[in-house]
Amino acid sequence: MNTQELINTARALVADDKGLLAMDESNPTCNKRFAKLGIPQTEEARRDWRELIVTTPGLGECISGAILYDETIRQRKKDGTPLIQAITAAGIITGIKVDTGAKDMAGHPGEKITEGLDGLRDRLKEYFQMGARFAKWRAVIALGEGIPSRGCIEANAQALARYAALCQEAGLVPIVEPEVLMEGEHTLAQCFEVTEEVLRTIFHHLYIQRVMLEGIILKPNMVLPGLACQVQETVDEVADATVQCLLRAVPAAVPGIAFLSGGQSGELASARLNAMNLRFKLRHPWALAFSFARAIQQPAMEIWSGRDANVKTAQHALLQRARCNRAARRGEYSAAMEVTGR
Ligand code: 5MM
């Protein structure tokens with residue numbers, strides 16, 4: 001493990017007010033999103049979509065790293081250039097999703113455990129040789145009657161820590177992603193309590209597995225009320241709760257926190273990130289950044305809809321959402337930016 005290289009990569013991922021673009025949807029997830037828009041669910045269409053993204057002019061001004069799926073990292077542009085080459089040319093660091101998905105957890109109805117540790121050391125070696133410099137693993141925690149259980153939190157935290165240790169051994173910065181889901185009637189206070197417990201457990205296991213905290217990025221959920229909760233707090237209340245929770249549970253040695261959007265609208269995700277950076281300026285030890293998939297991609301995908309003629313307009317929409325999120329990192333985002341992009 002080259003410690004300094006890992007630290008440099010982790011810092012670069014959150015430098016210059018940039019953030020990450022998650023474009024690592026597995027084929028079933030990508031196909032589901034395509035199906036809603038009438039886009040063919042083929043390898044070629046998935047390639048075309050990812051090519052559109054990584055060739056967006058100016059994307060590297062706002063995006064520091066792109067998280068790919070195994071199929072994508074092996075794909076080439078229509079002209080034969082490897083996609084990974086196009087990403088590097090744009091000044092973007094290549095990342096790779098390495099978990100093999102969240103599966104039903106035995107003995108724990110309604111809960112999931114993320115798999116993918118078997119053979120991971122060899123897969124990481126290959127991804128590093130291909131040019132990847134960071135990786136991602138997502139644990140999924142659902143809230144509901146009697147859940148999450150301690151067993152589910154512990155098992156997922158241990159898997160995340162073992163994955164992170166293997167990544168650092170291979171020279172890849174691990175993105176540690178615990179997602180407390182938005183689905184449900186739970187309150188913001190309940191999300192806070194569960195998120196804090198999950199994060200504290202994860203950092204305990206990262207310590208046990210000897211993971212160097214300066215060489216990771218945390219990718220958590222924001223602290224939010226459930227989608228079906230009667231009370232939906234304001235943007236500022238969400239920002240305050242999220243940062244308070246993170247201050248309690250995330251060590252200062254971690255260089256960056258890059259939120260997932262989790263199904264929030266692009267506008268809301270930007271507004272909440274903006275409020276965090278504005279209200280807590282200089283009072284948090286880590287960078288507060290983004291690692292959004294839907295909150296960056298969705299409007300562009302709707303415009304593209306699988307048609308070559310729409311590529312340029314879709315790229316414009318993609319860049320606009322990326323710019324809004326870069327502004328949110330500076331506390332300079334406003335709803336007006338959604339129209340002007342600046
Ligand atoms: C939570 O999902 C991650 C962030 O995306 P959003 O900002 O849209 O919430 C995302 O990276 C996710 O892990 C990938 O899309 C992979 O998802 P699947 O379910 O296909 O493994």
Side-chain angles (χ1 to χ4, degrees), residues 13 19-37 41 43 46 49-50 53 62-73 92-104 112-116 123 132 134-143 156 159-160 163 173-184 191 195 198 202 217-224 226-227 238 242 256-273 288-302 318 321-322 324-325 328-329:
L13 288 173
L20 306 177
L21 171 59
M23 44 184 287
D24 61 323
E25 298 84 1
S26 58
N27 290 348
T29 302
C30 190
N31 288 345
K32 212 162 42 181
R33 294 191 186 149
F34 279 7
K36 280 193 189 147
L37 298 170
Q41 293 140 62
E43 183 176 347
R46 291 192 295 273
W49 171 239
R50 268 75 185 243
I53 293 177
C62 309
I63 300 297
S64 56
I67 314 172
L68 309 185
Y69 181 59
D70 182 74
E71 177 184 87
T72 318
I73 202 170
I92 296 172
I93 305 171
T94 297
I96 180 77
K97 163 199 170 82
V98 300
D99 66 70
T100 55
K103 309 282 161 59
D104 289 343
K112 303 271 186 197
I113 176 72
T114 301
E115 296 184 350
R123 289 195 289 129
F134 71 102
K136 195 208 87 170
W137 177 293
R138 169 172 167 249
V140 179
I141 308 290
L143 255 88
N156 275 294
L160 271 168
Y163 137 84
V173 167
I175 306 286
V176 174
E177 180 179 1
E179 178 177 12
V180 176
L181 295 174
M182 284 165 67
E183 283 74 21
C191 179
T195 303
V198 167
I202 286 170
I217 299 291
L218 178 71
K219 176 169 172 169
N221 52 283
M222 296 181 190
V223 173
L224 301 170
L227 286 171
V238 164
T242 302
I257 295 176
F259 293 101
L260 57 91
S261 59
Q264 303 173 66
S265 70
E267 290 83 349
L268 211 42
S270 298
R272 287 164 168 166
L273 178 63
L288 286 175
F290 56 91
S291 177
F292 298 155
R294 285 162 286 183
I296 293 180
Q297 293 185 43
Q298 198 54 35
M301 190 187 282
E302 286 167 18
L318 188 85
R321 289 262 8 101
C324 286
N325 288 309
R329 279 212 54 190

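This is a predicted model, so every value here is computed, not measured. Counting convention: from 1, in listed order, for ligands and their atoms alike.
No side-chain heavy atom of Thr94 sits under 4.5 Å from any side-chain heavy atom of Phe134. Counting heavy atoms from C-beta on, the side chains of Arg123 and Thr100 come closer than 4.5 Å. Between Asp24 and Ile96 the shortest side-chain heavy-atom distance does not fall below 4.5 Å. Side-chain contact between Ser64 and Ile92 is absent, with no heavy-atom pair separated by less than 4.5 Å.
At a 3.5 angstrom cut-off on N or O pairs, Ala22 does not count as close to ligand 1. For ligand 1, the polar-atom distance check against Ser291 finds no nitrogen or oxygen pair separated by under 3.5 Å. At least one N or O atom of Ala293, backbone or side chain, sits closer than 3.5 Å to an N or O atom of ligand 1. Between Arg294 and ligand 1, at least one N/O pair is under 3.5 Å apart.
Nearest protein heavy-atom neighbour of atom 14 (C) of ligand 1: Asp24 OD1, 3.3 Å. Scanning the protein for heavy atoms near atom 17 (O) of ligand 1, the closest one is Arg138 NH1, 3.9 Å. For atom 18 (P) of ligand 1, the closest non-hydrogen atom of the protein is Thr29 OG1, 3.5 Å. Nearest to atom 21 (O) of ligand 1 among the protein's heavy atoms is Lys97 NZ, 2.6 Å.
Residue Gly262 places a heavy atom under 4.0 Å from ligand 1.
For Met23 against Ala66, the heavy-atom pair with the smallest separation is SD-CB, 4.1 Å. In this structure, Ser291 and Ala22 approach most closely via the heavy-atom pair O-CB, 4.0 Å.
Within the listing of ligand 1, atoms 18 (P), 20 (O), 21 (O) sit less than 4.0 angstrom from a heavy atom of Ser26. Of all atoms in ligand 1, numbered sequentially from 1 with element shown, those under 4.0 Å from a heavy atom of Lys136 are 10 (C), 11 (O), 12 (C), 13 (O), 14 (C). Counting the atoms of ligand 1 from 1 in the order shown, those under 4.0 Å from a heavy atom of Ser261 are 6 (P), 7 (O), 8 (O), 9 (O). Those atoms of ligand 1 with a heavy atom of Phe292 less than 4.0 angstrom away are 7 (O).
Put simply, CZ on Arg294 and CD on Glu25 are 8.5 Å apart, with the number rounded to the nearest 0.5 Å.
Of the candidates Glu25, Lys219, Gln298, it is Glu25 that places a heavy atom closest to atom 15 (O) of ligand 1. Among Glu179, Gln297, Glu177, the residue whose heavy atom sits closest to atom 3 (C) of ligand 1 is Glu177.
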Can you check salt bridge (charged side-chain N to carboxylate O under 4.0 Å, His left out) on Glu267 and Arg272, steps first, answer last? CA-CA 9 Å; Glu267 290 83 349; Arg272 287 164 168 166; over 6 Å; no
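Take Cys191 and apply the side chain to side chain contact (heavy atoms under 4.5 Å, CB included) test, not counting sequence neighbours, and it matches Val180, His186, Thr195, Asn221, Val223. Applying the side-chain hydrogen bond (donor to acceptor under 3.5 Å, both in side chains) rule to Lys97 yields the partners Asp99; only residues at least two apart in sequence or on another chain are considered.
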